Amino acid sequence: MKTRTRFAPSPTGYMHIGNLRTALYEYLIAKANNGDFILRIEDTDQKRYVEGATDIIYNTLKTVGMNWDEGPDIGGNYGPYVQSERRSIYAEYAHKLVELGGAHYCFCSKSEADEEKNDELNIKFKDPCKLISLAEAKKRVAAGEPYVIRQTINKKGKSKYHDEVYGDIEIDYDELDEGVLLKSDGFPTYNFANVVDDHLMQITHVVRGNEYISSTPKYNLIYEDFGWQHPQYVHVPPVMKDAQHKLSKRNGDASFQDLVAKGYLPEAIINYIALLGWNPGNDEEIFSLDDLKKIFSIERLNRSPAIFDITKLTWMNGCYIRALSPEKFHELALPYYKDMPSNVNLTALSSVLQPRVETLADISSQADFIQEMPEYNLELYSNKKMKTDALIAKANLPAVREILSAQNDWSNEALFESMKALAEKLGVKNGQILYPTRIALSGKETTPGGATEIAVILGKEETLKRLDNAIQKLS
RNA sequence: GGUCCCAUCGUCUAAUGGUUAGGACAUCACCCUUUCACGGUGGUAAUAUGGGUUCGAAUCCCGUUGGGAUCACCA
């Protein structure tokens, strides 16, 4: 049987990192087995529907390269792939389930149900409507009385199923709740829709958060009542913000699109989250999506929650940035150069920046001095190791200015040679020339690149101008 | 509270009865160096806890503690 997995997000307008990881695992399970990855939109809760949310889902999956084989936009043999377009299907199966004895009509109002149960005394909702005969219930339905369809659980003893990650799970049938399957608005709940859809769409592996572990027996009961075989279950632990809290929109935690906006590369994000709950069994940790397709296995999935560590993602993102071709990096950096003066050597800037930034957003903070010379204190000229200070700067900078104004070859190598020659001629250390020059050109304690590299980036005109200003400031 | 799940360095994790408990991030030190990075070398740092089982336990079993999930006409 062909492996088929599905990613079934509800369109709430936010691509959660945990969700994306689930999608990744679903995608990888399918692709590692030459199977199909299906996209299904679970929009049965109209209250939570957010306009444009499906586009975020599409765009995210596309930018990371997780292409789906069937979905709302491209169709497939098992559509429609949007649950709100499948209402008649759920209604049909829900009524059928009633006939099969797996569910019953319930006429209680929501408040009646709430009143009945008592969390503190651990009293579960006992539906009085279970006692209504099917004939009577049908009559009331036909008369137009509002109703829901509730699951009927009469089984006793222990339910048992196997989870690919957590092993054998045993839960007493008494613990199971006779939940609503079809709401009074005619929409199904997740509890019902996912079973019907997963069966109809021939999903072989259901991958989802481990919060579903304890409700899975209810779903299995529905499969049983219909005489269907249930899929294999792959419950995965949550991705955490810290030891106590899941990553969530409510906490204001970063979504995929937030991370991209902060200068993280989609490839790095995917690589990092793949390792949050899965490992290849060796010490390697840099993987492309294609690599992952080849080596992913369900057996190496972890059972315990993993904390999302932005520091490690940042490191990994730095690895990906350094691995970029200089051209590609330059292309990605371009948007951050929007406000740069036109005479700046952007190619040179990119080449000094590439090994120094960990996220694209670092570009702005590292290159800010190029746009505009910052205010700085003369103290900056002091450096013990370089044996230099403002006095030495004052003494040497005029000579630097002189030699550079005569400089024709404005390459880094040529500039460096000239500066070295100058130091030798003056009988001072290289650092006593280079350090003050760097400060004069940047006004910053740390810069991407040394004095001559900055000079190349700024260009001759701007370099001389900044030297003049520095000399004036020092006098 | 009932039920279910989880527990190795600060973090992600490896070690599926026998290892000096390994790697990565972070951190610290040193080297490289035209500041800062990059790169290189080395260090600090973990089996929650108490009992078993066994020649031998991070690993198997039981208890304890801690954490999480679930008990919606949300998914």
Side-chain angles (χ1 to χ4, degrees), chain A residues 8-10 12 42-45 47-48 106 108-110 113-114 117 119-122 124-125 146-150 163 166-167 169-172 174-177 179-185 187-191 193-194 208-217 235 237-238 240 242-246 272 275-286 300 302-316 318 322 352-358 366 380 383 385-386 412 416 419-420 429-431 433-435 437-439 442 444-454:
Chain A
S10 52
T12 57
E42 305 214 333
D43 60 346
T44 57
D45 186 5
K47 292 189 287 290
R48 299 212 308 175
C106 169
C108 299
S109 69
K110 171 107 171 64
D114 281 346
K117 69 176 197 183
D119 289 341
E120 277 172 28
L121 295 175
N122 198 23
K124 289 201 328 191
F125 172 57
Y147 68 95
V148 300
I149 291 180
R150 247 178 218 288
D163 183 87
Y166 287 93
I169 305 287
E170 255 188 32
I171 291 167
D172 204 293
D174 285 342
E175 292 295 325
L176 271 28
D177 200 65
V180 171
L181 267 21
L182 199 71
K183 298 185 262 187
S184 51
D185 62 5
F187 278 90
T189 60
Y190 168 85
N191 300 325
N194 92 88
R208 50 156 78 123
N210 71 1
E211 67 267 27
Y212 291 102
I213 284 180
S214 39
S215 45
T216 296
H235 286 103
M240 310 291 283
D242 56 47
Q244 276 75 33
H245 310 278
K246 272 198 206 188
Y272 176 70
L275 264 19
L276 235 37
W278 177 87
N279 76 83
N282 58 39
D283 289 342
E284 288 174 57
E285 47 184 5
I286 301 294
R300 301 207 66 90
N302 238 305
R303 282 180 307 278
S304 42
I307 298 174
F308 180 85
D309 182 12
I310 190 86
T311 309
K312 182 148 186 179
L313 201 213
T314 304
W315 164 79
M316 192 172 274
R322 273 173 261 127
V352 298
L353 248 20
Q354 189 172 1
R356 272 168 255 257
V357 297
E358 290 193 295
Q366 289 214 32
L380 258 192
N383 183 288
K385 196 178 149 204
M386 296 293 133
N412 184 50
F416 190 57
M419 300 287 259
K420 248 169 66 178
K429 293 170 62 83
N430 288 348
I433 295 293
L434 291 162
Y435 196 94
T437 303
R438 192 177 61 81
I439 299 301
S442 69
K444 287 182 82 175
E445 186 175 8
T446 66
T447 53
T452 61
E453 285 163 313
I454 293 169

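All values derive from a computational prediction rather than experimental measurement. Below, read A as the first sequence line, B as the second, and so on, with proteins coming before strands; counting in each chain starts at 1. Keep in mind that the numbers below use all heavy atoms, side chains included, and drop hydrogens, waters and symmetry copies.
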Identify whether a stacking contact exists between A/F416 and B/rU34, where the ring centres must be under 5.5 Å apart and the planes under 30° apart.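 A/F416 ring centre within cut-off of B/rU34 base, planes near parallel; stacks.
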[atom1] of [X] versus [atom2] of [N]: gap in Å, rounded?
X: A/D309; N: B/rG23; atom1: CG; atom2: C1'; value: 16 Å
X: A/Y435; N: B/rU35; atom1: OH; atom2: P; value: 9 Å
X: A/M240; N: B/rA7; atom1: CE; atom2: P; value: 13 Å
X: A/Y272; N: B/rA24; atom1: OH; atom2: P; value: 16 Å
X: A/K420; N: B/rU34; atom1: NZ; atom2: P; value: 8 Å
X: A/I307; N: B/rA46; atom1: CD1; atom2: P; value: 18 Å
X: A/R303; N: B/rA14; atom1: CZ; atom2: P; value: 9 Å
X: A/D242; N: B/rG10; atom1: CG; atom2: P; value: 16 Å

When the [atom1] atoms of [N] and [M] are considered, how many whole Å apart are they?
N: B/rG10; M: B/rG42; atom1: P; result: 23 Å
N: B/rU47; M: B/rC9; atom1: C1'; result: 10 Å
N: B/rU70; M: B/rG18; atom1: C1'; result: 41 Å
N: B/rC73; M: B/rC12; atom1: P; result: 35 Å

Under a 3.5 Å cut-off for both contacts, is B/rC32 paired Watson-Crick or G-U wobble with anything, and if yes, with which nucleotide?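 Base partner found: none.
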Searching all strands shown, indicate the nucleotide that pairs with B/rU70 (Watson-Crick or G-U wobble; both distances under 3.5 Å).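 B/rG2 - that is the nucleotide pairing with B/rU70, both distances being under 3.5 Å.
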Any base atoms under 4.0 Å from [X], or only sugar-phosphate, or nothing? Heavy atoms, all strands.
X: A/K385; answer: base
X: A/G277; answer: sugar-phosphate
X: A/M386; answer: sugar-phosphate
X: A/A451; answer: base
X: A/T452; answer: base
X: A/S184; answer: base
X: A/Q354; answer: nothing
X: A/D172; answer: nothing
X: A/F308; answer: nothing
X: A/T447; answer: base
X: A/N412; answer: base

Under-4.0 Å side-chain N/O to phosphate OP1/OP2 contact, [X] with [N]:
X: A/N279; N: B/rA14; value: yes
X: A/S10; N: B/rC74; value: no
X: A/K183; N: B/rC74; value: yes
X: A/R438; N: B/rU35; value: no

So do the side chains of A/K246 and A/E211 get within less than 4.5 Å of each other, counting heavy atoms only?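 SC-SC contact between A/K246 and A/E211 confirmed.
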Measuring from the side chain of A/K246 (C-beta onward, heavy atoms only), which nucleotide among B/rA75, B/rC25, B/rA69 has the closest atom?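 In terms of side-chain proximity for A/K246, the closest of B/rA75, B/rC25, B/rA69 is B/rA69.
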If you check the A/S304 side chain, which of B/rC36, B/rA7, B/rA75 turns out closest?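 The nucleotide sitting nearest to the side chain is B/rA7.
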On RNA chain B, check which nucleotide each of A/G179 and A/V357 is closest to and give me the residue with the more 5' one.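 Closest to the 5' end, via its nearest nucleotide, is A/V357.
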A/Y147 or A/W315: which one's nearest nucleotide on RNA chain B is closer to the 5' end?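 Result: A/W315.
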Taking donor-acceptor contacts at under 3.5 Å, does the side chain of [X] reach the base of [N]?
X: A/Y212; N: B/rA69; value: no
X: A/K312; N: B/rA26; value: no
X: A/R322; N: B/rC38; value: no

Does any N or O in the side chain of A/Y190 come within less than 3.5 Å of the main-chain N or O of A/D45, such that one atom is a donor and the other an acceptor?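 Answer holds: no.
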